[in-house]
Amino acid sequence: HLRYCSRMPNQRQADKKMMRFWITLELYEKFRKYADALGLSMSEILTAYLVHQTANIELDAEDYERIAQELRRKKTGKC
């Protein structure tokens, strides 16, 4: 099992985080068809939804410090 590390080839952008969750196969197929119909990826649709739903959420200094710590950890290559 590989973990995200800045030394890995083909790494994602450092300011992104992978989310994993379970959905039914039926919902997955419906969502896949919806994304195809829009010409978007499933990730693009979920990202747009989350941006919209969290537009009024304010982050505080502690939240931004957590983000900064994670970015520093990724930059130094500590997995």
Side-chain angles (χ1 to χ4, degrees):
H1 180 272
L2 296 175
R3 293 178 59 201
Y4 176 90
C5 179
S6 64
R7 296 179 298 249
M8 292 177 64
N10 301 320
Q11 67 187 4
R12 300 287 182 195
Q13 293 176 357
D15 68 338
K16 293 192 175 182
K17 183 96 173 168
M18 183 190 312
M19 293 178 59
R20 296 187 220 187
F21 53 92
W22 294 95
I23 60 173
T24 65
L25 292 171
E26 181 181 0
L27 182 56
Y28 176 85
E29 284 302 319
K30 287 180 177 183
F31 186 44
R32 184 191 60 74
K33 285 183 87 168
Y34 177 68
D36 286 348
L38 293 177
L40 298 170
S41 72
M42 292 164 56
S43 290
E44 289 171 318
I45 294 170
L46 286 173
T47 298
Y49 176 78
L50 292 171
V51 166
H52 177 74
Q53 292 298 315
T54 61
N56 295 323
I57 304 296
E58 297 291 329
L59 297 179
D60 59 26
E62 187 176 304
D63 299 320
Y64 285 111
E65 181 54 32
R66 262 194 303 280
I67 293 168
Q69 286 174 359
E70 185 160 347
L71 289 172
R72 285 191 295 271
R73 188 174 67 249
K74 289 179 179 183
K75 184 177 179 182
T76 61
K78 294 180 181 175
C79 297

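Numbers for residues simply follow the sequence, beginning at 1.
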Mind checking side-chain contact (heavy atoms from CB on, under 4.5 Å) for D63 and listing every partner two or more places apart, or none if nothing turns up?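 Result, side-chain contact (heavy atoms from CB on, under 4.5 Å) vs D63: L59, D60, R66.
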If the condition is side-chain contact (heavy atoms from CB on, under 4.5 Å), which residues does I57 pass it with, not counting sequence neighbours?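 Per chain and number, I57 pairs via side-chain contact (heavy atoms from CB on, under 4.5 Å) with T54.
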Do you reckon L71 sits in the same ILVMFWY cluster as M19, going by side-chain contacts under 4.5 Å, direct or chained?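 As far as the 4.5 Å side-chain criterion goes, M19 and L71 are not connected within one cluster.
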Under the side chain to side chain donor-acceptor pair (under 3.5 Å) test, which residues partner K33, sequence neighbours left out?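 K33 satisfies side chain to side chain donor-acceptor pair (under 3.5 Å) with no other residue.
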Among all residues two or more places apart in sequence or in another chain, which pass the side chain to side chain donor-acceptor pair (under 3.5 Å) test with R72?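 So R72 forms a side chain to side chain donor-acceptor pair (under 3.5 Å) with E65.
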Near E62 CD, under 6.0 Å, is it more than 12 heavy atoms from other residues, nucleotides or ligands?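 Open: at most 12 neighbouring heavy atoms sit under 6.0 Å from CD of E62.
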Does CG belonging to L25 count more than 12 external heavy atoms closer than 6.0 Å?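 Open: at most 12 neighbouring heavy atoms sit under 6.0 Å from CG of L25.
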What's the spacing between I23 CD1 and E29 CD if we round to 0.5 Å?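 Output value for this atom pair is 9.5 Å.
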Distance (rounded to the nearest 0.5 Å) between Y34 OH and M42 CE: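 Rounded to the nearest 0.5 Å, the OH-CE separation comes to 12.5 Å.
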Starting from the C-alpha separation in whole Å, work towards a yes-or-no answer on side chain to side chain contact (heavy atoms under 4.5 Å, CB included) for R20 and M18. CA-CA 7 Å; R20 296 187 220 187; M18 183 190 312; 3.6 Å; yes
Validation: residues 44-53 side-chain donor-acceptor distances under 3.5 Å, sequence neighbours left out:
| residue | atom | partner | partner atom | Å |
| --- | --- | --- | --- | --- |
| E44 | OE1 | S41 | N | 2.7 |
| E44 | OE1 | S41 | OG | 3.3 |
| T47 | OG1 | S43 | O | 2.8 |

Partners of K16 by salt bridge (Lys or Arg N to Asp or Glu O under 4.0 Å), sequence neighbours excluded?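 Partners of K16 under the salt bridge (Lys or Arg N to Asp or Glu O under 4.0 Å) test: none.
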With E58, which residues qualify under salt bridge (Lys or Arg N to Asp or Glu O under 4.0 Å), at least two apart?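 If we apply the salt bridge (Lys or Arg N to Asp or Glu O under 4.0 Å) test to E58, skipping adjacent residues, there are no hits.
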